[in-house]
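Below is one structure, written out as structure tokens; comments come after it.
Lettering of chains follows the sequences in order, A, B, ..., and the numbering in each one begins at 1. Given the structure is predicted, the values throughout are model-derived calculations rather than measurements.
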Amino acid sequence: MIDPKLLRQSADDVASNLARRGFEFDTGAYLALEERRKGLQVETEKLQSERNASARNIGKAKARGEDIEPLLAAVKDLGDKLDGNEAELAKVRSELRDIELGLPNLLADDVPAGTTEDDNTQVRRWGEPAEFGFEARDHIELGESLGMLDFESASRISGARFTVMRGSLARLQRALIQFMLDTHTSEHGYEETYVPYLVQSQALVGTGQLPKFEEDLFKTASETPFYLIPTAEVPVTNLARDSILDYSDLPVRYVAHTPCFRSEAGSHGQDTRGMIRQHQFEKVELVQFVEAGKSDAALDELTGHAEVVLRRLELPYRTVILCSGDTGFGSTKTYDIEVWLPGQQKYREISSCSNYNDYQARRMQARYRNPQTGKPELLHTLNGSGVAAGRALIAVMENYQNEDGSIRIPSVLQPYMGGQEVISRGS
RNA sequence: GGAGAGAUGGCUGAGUGGUCGAAAGCGCUCCCCUGCUAAGGGAGUAAGGGUUGAUAGCCCUUCGAGGGUUCGAAUCCCUCUCUCUCCGCCA
């Protein structure tokens, strides 16, 4: 959520920033509603103040043993008037809130202009795509010929966009997850967390998926519905919800491995083959809470933490900064890390690292105490994939393939594979 | 699933219709005293919001959540959620 004070005072500045995303903010309608809110609130609070004063007087008079009937008569109409005002105010406030929750975050100044992902710009590149002396296969072909990737069974069980993995390949994904968690906890200072995979709507409002993107989520049919998390960002970031962190605890760094569930509504026809785009996938997520003013540096640092994983795995990648039109709803600035996939001859997203500034923190009242002023201030929240395990698995398969269809295991993963060096049919 | 108890400020914990946003203790901050790995004295110390040039005043809201009764509710009534204890069941 954008600071409502800023919206009131500088609505046009906000609108022109949001226009960079292609988002249209109707400032006139907002400000008119805001004027009504102001009038109603002042009026309502005045009435509340009157009610409180007279209630106190009645109490005192009663204590003195005086006749309170005249006093009661005097406040007779106050209650009804107040009820009406309060109801109207609540309505206006909720309309304002609906608008505010529907506004994306302000973009950072250095986000490049653009409309689609084609306008994202590369900020660095690492490694060189390997030359194979044969035609590189994609992960589907590799996995199926190894007998370890089974889309047929998956579709029989759950339909499209699911995967069944077997044997060493299933283990390899687990190895990747373990390796990533260990790297982030022991080298990058993250605390490992285990969090719920089912959350209530308020948590998703806090991180920004709701109310706007409900169609992307899976929802249970229970009486109070649960949503399946689309990313660990949701439960992990909500750890700071409604709390005031000690300054000395900052920066807070959490890492979590969770499955992620996405309906992929609206992406019909995209990546229908293979396990690039699934309803369920594994991801290791990095989350940071930092003090205001330190989130820019933290984003660079967090992105670097994700990149370390790919370097250790010796997977060629490039890092791009998302353009204004491609930056996510709540993000002020996002770096995507794209890994080289020989089977597609393309760089594909494997991590997305974003600075949310105080946008999520305001939605969930996540604060820290400023030691200078002693007052609570909104945290800045960041998150990024460190990295998506399913896609990392694809990247390893395709980049480490041999001509005979076997797959070498990256050396950093071998300890997690009981020393195994190659995955071949039957092993 | 059954029975019972509870939910109050950073923490512990009083408070059962009328200056209660809330005693006391702990913690924390500042000051004084003391001059030393201590103790003592004093003051302050919830959050959110509105108004405003203002982090000055003033005002509003909040004692798990949501309703209700009342001139007035932390206190009474209803619903819900959560926590704890015991029993049952269970990975």
Does the side chain of A:N52 get closer than 4.0 angstrom to OP1 or OP2 of B:rC59 through an N or O atom?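 For B:rC59, neither OP1 nor OP2 has a side-chain N or O of A:N52 closer than 4.0 Å.
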Has A:S49 got a side-chain N or O lying under 4.0 Å from the OP1 or OP2 atom of B:rC59? no
NA contact type, A:R93, heavy-atom cut-off 4.0 Å: base, sugar-phosphate, or nothing?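 A:R93: backbone/sugar contact only, no base atoms under 4.0 Å.
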Using a heavy-atom cut-off of under 4.0 Å over every strand shown, decide if A:N57 touches base, sugar-phosphate, or nothing. nothing
Pairs in or reaching into residues 22-44 of chain A: which pass ring pair (Phe, Tyr, Trp, His ring centres under 6.0 Å), with residues at least two apart or in two chains?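 As it turns out, the ring pair (Phe, Tyr, Trp, His ring centres under 6.0 Å) pairs with a partner in residues 22-44 of chain A, which skip direct neighbours, are A:F25-A:Y30.
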Selection residues 282-306 of chain A - residue pairs positive for ring pair (Phe, Tyr, Trp, His ring centres under 6.0 Å), sequence neighbours left out: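 Only A:H188-A:H305, A:Y190-A:H305, A:Y254-A:F289 qualify under ring pair (Phe, Tyr, Trp, His ring centres under 6.0 Å).
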So, are [X] and [Y] salt-bridged, with charged N and O less than 4.0 Å apart?
X      : Y      : result
A:E291 : A:K294 : yes
A:R36  : A:E88  : yes
A:D242 : A:R367 : no

[atom1] of [X] versus [atom2] of [N]: gap in Å, rounded?
X      : N      : atom1 : atom2 : answer
A:E377 : B:rA47 : CD    : P     : 12 Å
A:N85  : B:rC60 : CG    : P     : 15 Å
A:D3   : B:rG48 : CG    : C1'   : 13 Å
A:R369 : B:rG9  : CZ    : P     : 14 Å
A:R241 : B:rG48 : CZ    : P     : 15 Å
A:D242 : B:rA46 : CG    : P     : 19 Å
A:R367 : B:rA46 : CZ    : P     : 14 Å
A:K46  : B:rG49 : NZ    : P     : 24 Å

Dot-bracket for RNA chain B, 5' to 3', Watson-Crick and G-U pairs with both distances under 3.5 Å, [ ] for crossing pairs, | for partner on another strand, reads ((((((((.[[[..)..(.....]]]((((((.......))))))((((((.....)))))).[[[[[..)....]]]]])))))))....
Using the [atom1] atom on both, measure [N] against [M] and round to a whole Å.
N      : M      : atom1 : result
B:rC63 : B:rC76 : P     : 14 Å
B:rU81 : B:rA65 : P     : 15 Å
B:rC59 : B:rG67 : C1'   : 26 Å
B:rU85 : B:rG68 : C1'   : 32 Å
B:rA7  : B:rG13 : P     : 10 Å
B:rA91 : B:rG4  : P     : 28 Å

Show each protein N/O and nucleotides 51-58 of chain B N/O combination with a separation under 3.5 Å, one pair to a line.
residue	atom	partner	partner atom	Å
B:rU51	OP1	A:R37	NH2	3.3
B:rU52	OP2	A:K38	NZ	3.3

Are there more than 12 heavy atoms of other residues, nucleotides or ligands under 6.0 Å from atom CG of A:D67?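 More than 12 within 6.0 Å, yes.
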Contacts under 3.5 angstrom, residues 50-59 of chain A side chains, donor-acceptor by atom type, not counting sequence neighbours:
residue	atom	partner	partner atom	Å
A:N52	ND2	A:Q48	O	3.4
A:S54	OG	A:E50	O	3.0
A:S54	OG	A:R51	O	3.1

Non-neighbouring partners of [X] that pass salt bridge (charged side-chain N to carboxylate O under 4.0 Å, His left out), sequence neighbours left out:
X      : result
A:R97  : none
A:E66  : A:R64
A:R312 : A:E187

Tabulated below should be each protein N or O lying under 3.5 Å from an N or O of nucleotides 69-75 of chain B; please produce it.
none

So which one's nearest nucleotide on RNA chain B is more toward 5', A:E45 or A:A53?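 The answer here is A:E45.
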On RNA chain B, compare the nucleotides closest to A:P4 and A:T44; which residue's is nearer the 5' end?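 Closest to the 5' end, via its nearest nucleotide, is A:P4.
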Return the nearest nucleotide to the side chain of A:Q48; candidates are B:rU61, B:rA47, B:rG50.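 Of the options given, the side chain of A:Q48 lies nearest B:rU61.
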Select one nucleotide: of B:rG49, B:rC59, B:rA47, the one nearest the side-chain heavy atoms of A:I244.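 So the nucleotide nearest the side chain must be B:rA47.
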Sequence neighbours left out, cut at 3.5 Å: what donor-acceptor pairs do the side chains of residues 210-218 of chain A make with other protein atoms?
residue	atom	partner	partner atom	Å
A:K212	NZ	A:G102	O	3.4
A:E214	OE2	A:K219	NZ	3.1
A:E214	OE2	A:Y227	OH	2.6

Once side-chain hydrogen bond (donor to acceptor under 3.5 Å, both in side chains) is applied, what residue pairs with a partner in residues 4-22 of chain A remain, sequence neighbours excluded?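 Passing the test, one end in residues 4-22 of chain A: A:R8-A:E34.
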Using a 3.5 Å cut-off and no angle test, enumerate the donor-acceptor pairs between side-chain atoms of residues 416-427 of chain A and protein atoms at least two apart in sequence or in another chain.
residue	atom	partner	partner atom	Å
A:Y416	OH	A:D182	OD2	2.6
A:Q420	NE2	A:S168	OG	3.2
A:Q420	NE2	A:V422	O	3.0
A:Q420	NE2	A:S427	O	3.0
A:S424	OG	A:S427	OG	3.3
A:R425	NH1	A:S145	O	2.6
A:S427	OG	A:S424	N	2.9
A:S427	OG	A:S424	O	2.9

